[in-house]
Amino acid sequence: MNLHIDDHNEGQSSILKLSGEIDAYTAPRLKEHLLNLIEDNQEVQVDMQQVNYMDSTGLGVFISALKTSKEANKTFKLVNLQENVYRLFNITGLNEVIDIENTVRGGM
Amino acid sequence: MEQTKKVVSVYRELLQEYLRSKDEKVLYQAEQFSRQSIQDGVKPEEIIDAHYQTMSEIIPDMDPRLKDSFKFLIETMIYYGVAYGMFNDIKEQQYSLRNEIDVAANMQNTLLKTEIPASEVLDIGAISVPARQMSGDYYHFVQDTEDNIGVAVADVSGKGIPAAFVMSMIKYAMESYPDNRIYPEMILELLNRVVERNVEPGMFVSMFYGLYEVEQHKFYFATAGHEPGFIYRHRSKTFEEIRGKGLLLGVQKDSDYKRFELDIEPNDIIFLLTDGVTECKVSGRFIEQEEVLDVLYNYVHEPPEKLVENVYKHLERLQDFHLRDDFTLVAIQRKDN
């Protein structure tokens, strides 16, 4: 499987739209893209609606993003997570430290 | 040079013999010869040169165009020889790298060795199988002065050598804590500080830490973003999830962890695991939690030591013996007394 990455601006914030799977193969590209976006923008939103699978490498990417955005005093949030992906954030306690909005139910 | 002369003479003999007899046996010898030449590092253009020399002896009045064509062919083959030489270098390098990794993997095994404690009140089984050579999974037991048993199960993000380094760091941090009763949430708070300071951003560790208190049969635990375990209740023959809440180690400087507790009845079994167990992929899809519990249920009547072994074998079979992730399972059963 693959991960499709697409970004556009909406007012002040940059929206990163992902679709596909986040795993060891797709994570490095996502990490680079996301960290650059955080560097260049005050607010970054990652739309996860079309992400149907993520493993722990994906968590690593979002932890890096969290640390980077905190250091630079910027806003970083995740929106529209599918239930099985949200489960990972919940188990790992990351839902308490990462700004997560609008979890969608169901999956696939 | 000595080598090349020898090659030329062997090749000449074989070729002459073949042209004379057209014998299949000689073809087979030629095959053997090429194998030997490769081992001896003979270059392809040297063989062609040997061919050329032999042929010009056999046919002294060879068409000059044919002669030139050999020269041309020899030039063309030179880079094959160079490439082959590079291949050999890489092969050697790979061999020595593999040796290094073997040494590292052995060291990891020695460094991370943990004894399963003998206990009057508990039977314990544990298994940890790496998906690749070096594991990012880890379990660890400690027994305090009152015979209470502490157990840690951890999973370092990523795999291979970096994960192994982090594991060793955690183990030594854990071993530096005092031997008297130390509660799970305290251990995790201390470890979080060690991990946060020492890993690169994006790397993290999930850990479940439990303390079995042998007088009251209470199981205290805390979790740092780790996969929930299960408890098998002997009386009701059902499983309950052992769910806590807490952030992964290494994400934030000061994380607070909460202590949870469970009462353990005779013959109950505590199962602790890593996501190599729950994220096992069966015919292209991930296994459901109920299916994992069904597998565990098949073996709950066995002593923990055999139980973990058999669960592993069962799940390995379901995945066609192809482990995607490190696999760790710990089973702790209260004895029947």
Side-chain angles (χ1 to χ4, degrees), chain A residues 1 21-39 46 51-74 76-78 82-100 106-108, chain B residues 131-132 136-137 154-160 162-163 166 188 192 195-196 199-208 222-229 241-258 273-276 278-281 284-286 288-289 324-326:
Chain A
M1 263 306 278
E21 299 186 350
I22 308 176
D23 58 19
Y25 298 101
T26 61
R29 201 160 44 89
L30 171 62
K31 183 173 175 180
E32 200 191 330
H33 202 121
L34 181 56
L35 293 187
N36 282 336
L37 221 53
I38 291 173
E39 196 175 309
V46 183
V51 174
N52 46 39
Y53 172 76
M54 184 178 91
D55 70 8
S56 61
T57 9
L59 290 178
V61 171
F62 294 124
I63 290 171
S64 298
L66 173 74
K67 286 182 175 174
T68 311
S69 59
K70 255 192 184 168
E71 266 169 34
N73 249 328
K74 296 188 171 175
F76 155 68
K77 65 165 90 169
L78 301 176
Q82 292 190 14
E83 202 173 17
N84 60 330
V85 173
Y86 182 75
R87 178 181 173 268
L88 265 182
F89 286 93
N90 187 35
I91 286 177
T92 52
L94 287 170
N95 60 341
E96 311 255 324
V97 293
I98 295 179
D99 194 350
I100 299 178
M108 295 303 121
Chain B
R132 297 202 312 220
D137 274 11
D155 185 353
V156 180
S157 69
K159 291 189 181 66
V166 175
L188 293 184
N192 178 56
V195 175
E196 201 274 336
V199 301
E200 55 176 281
M203 204 166 181
F204 56 87
V205 180
S206 75
M207 182 183 277
F208 182 99
T223 177
H226 196 77
E227 196 66 27
E241 208 174 58
I242 304 180
R243 185 173 277 268
K245 184 85 189 158
L247 184 62
L248 294 166
L249 304 178
V251 177
Q252 210 169 248
K253 200 175 280 165
D254 294 300
S255 298
D256 288 327
Y257 294 92
K258 201 172 160 233
L273 36 85
T274 57
D275 57 8
T278 47
E279 285 209 353
C280 124
K281 215 170 188 177
R285 64 173 183 87
F286 286 102
E288 299 284 333
Q289 190 186 85
R324 296 173 59 250
D325 198 355
D326 304 328

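The basis for the numbers below is simple: all heavy atoms, side chains too, and nothing from hydrogens, waters or symmetry mates. Numbers restart at 1 for each chain; the letters A, B, ... are given by sequence-line order, proteins then strands.
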**OP:** Measure distances from A/Thr57 to the heavy atoms of chain B and classify the residue's part below 4.5 Å as side chain, backbone, both or neither.
**Re:** neither
Original post:
Checking heavy atoms, do the side chain of A/Asn90, its backbone, both or neither come under 4.5 Å from chain B?
Top reply: both
Subject >> Residues A/Arg87 and B/Glu227 bridged, charged N to O under 4.0 Å >> reply: yes
Give the table of side-chain donor-acceptor pairs shorter than 3.5 Å for residues 246-257 of chain B, with sequence neighbours excluded, one pair per line with atom names and distance.
from: B/Gln252; atom 1: OE1; to: A/Lys70; atom 2: NZ; distance (Å): 3.4
from: B/Tyr257; atom 1: OH; to: B/Leu247; atom 2: O; distance (Å): 2.7

Original post:
Can you name the closest pair of heavy atoms from A/Ser64 and B/Gly202 and give their distance?
Top reply: OG-CA, 3.2 Å
Original post:
So which of B/Ala224, B/Gly244, B/Pro201, B/Ser206 has the biggest tally of heavy-atom pairs under 4.5 Å with chain A?
Top reply: B/Pro201
**OP:** Check whether A/Leu59 gets within reach of chain B through its side chain, its backbone, both or neither, counting any heavy atom under 4.5 Å.
**Re:** both
Subject >> Contact origin within A/Tyr53 toward chain B - heavy atom pairs under 4.5 Å >> reply: side chain
Pairs under 3.5 angstrom only: tabulate donor-acceptor contacts from the side chains of residues 32-39 of chain A to other protein residues two or more places apart or in another chain.
from: A/His33; atom 1: NE2; to: A/Asp7; atom 2: OD2; distance (Å): 2.7
from: A/Asn36; atom 1: ND2; to: A/Glu32; atom 2: O; distance (Å): 3.3

**OP:** Output yes when a side-chain donor or acceptor of B/Lys245 lies under 3.5 Å from a complementary backbone atom of A/Ile91, and no otherwise.
**Re:** no
